[in-house]
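A, B, ... follow the sequence lines: proteins, then strands. Residue 1 opens every chain. The figures that follow rest on heavy atoms only: side chains count, while hydrogens, waters and symmetry mates do not.
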Amino acid sequence: MASLTGAHTTSPANVQLRRKKVPWTAKEEELLKMGVRKFTSVNDRNIPWKKILEFGSSVFLMGRTTIDLKDKWRNMCKGSPRAK
DNA sequence: CTAGGGTTATAA
DNA sequence: TTATAACCCTAG
């Protein structure tokens, strides 16, 4: 008994607050670009992230949300033009 | 549901 | 310390 091996499934101390910092995969960026390029229209000012997420829900990582897509796209587009 | 802002963590 | 990438919360 006394099997105090701890370690359940995620690192020594369980990280309850804030998810793990998982870097986006190349497939994610590709699918995101493809979805936006294939969905967004000249009539649709906004971006149907919801549709895009469902479009590649099989490839997207687990725990990804529409907020994350918008965030990545914005953070990328902001630091894309003109390398600082 | 989509858009914007603020904060945290990691790398250079 | 600064910059980059990612995550969470709030507002329209």
In whole angstrom, what separates A:F39's CZ from B:dC1's C1'?
15 Å
Atom-to-atom span, CH2 of A:W73 to C1' of C:dA5 - whole angstrom:
16 Å
Check whether any side-chain nitrogen or oxygen of A:W24 sits under 4.0 Å from OP1 or OP2 of C:dC7, and answer yes or no.
yes
Interatomic distance, A:K20 NZ vs C:dC7 P [rounded to whole Å]
11 Å
For nucleotides 2-12 of chain B, 5' to 3', base contacts (B), sugar-phosphate-only contacts (S) and non-contacts (-) with protein non-hydrogen atoms under 4.0 Å give SBBB-BSB---
Residues forming a side chain to side chain contact (heavy atoms under 4.5 Å, CB included) with A:D44, sequence neighbours excluded
A:S41, A:N46
Can you name the residues that form a side chain to side chain contact (heavy atoms under 4.5 Å, CB included) with A:V36, not counting sequence neighbours?
A:L32, A:T40, A:I47, A:W49, A:I52, A:W73
Between CG on residue A:L69 and NZ on residue A:K50, distance to nearest 0.5 Å:
12.5 Å
A:T65: which residues meet the side chain to side chain contact (heavy atoms under 4.5 Å, CB included) condition with it, sequence neighbours left out?
A:I67, A:D68
Using distance only, find each side-chain donor-acceptor pair of residues 22-30 of chain A under 3.5 Å and give its atom names and separation, not counting sequence neighbours.
unit_1, atom_1, unit_2, atom_2, d
A:T25, OG1, A:E28, N, 3.4

Can you tell me if A:R19 touches the phosphate of C:dC8, counting only side-chain N or O atoms and a distance under 4.0 Å to OP1 or OP2?
yes
Those residues that, when tested against A:F60, pass ring pair (Phe, Tyr, Trp, His ring centres under 6.0 Å) (two or more places apart)
none
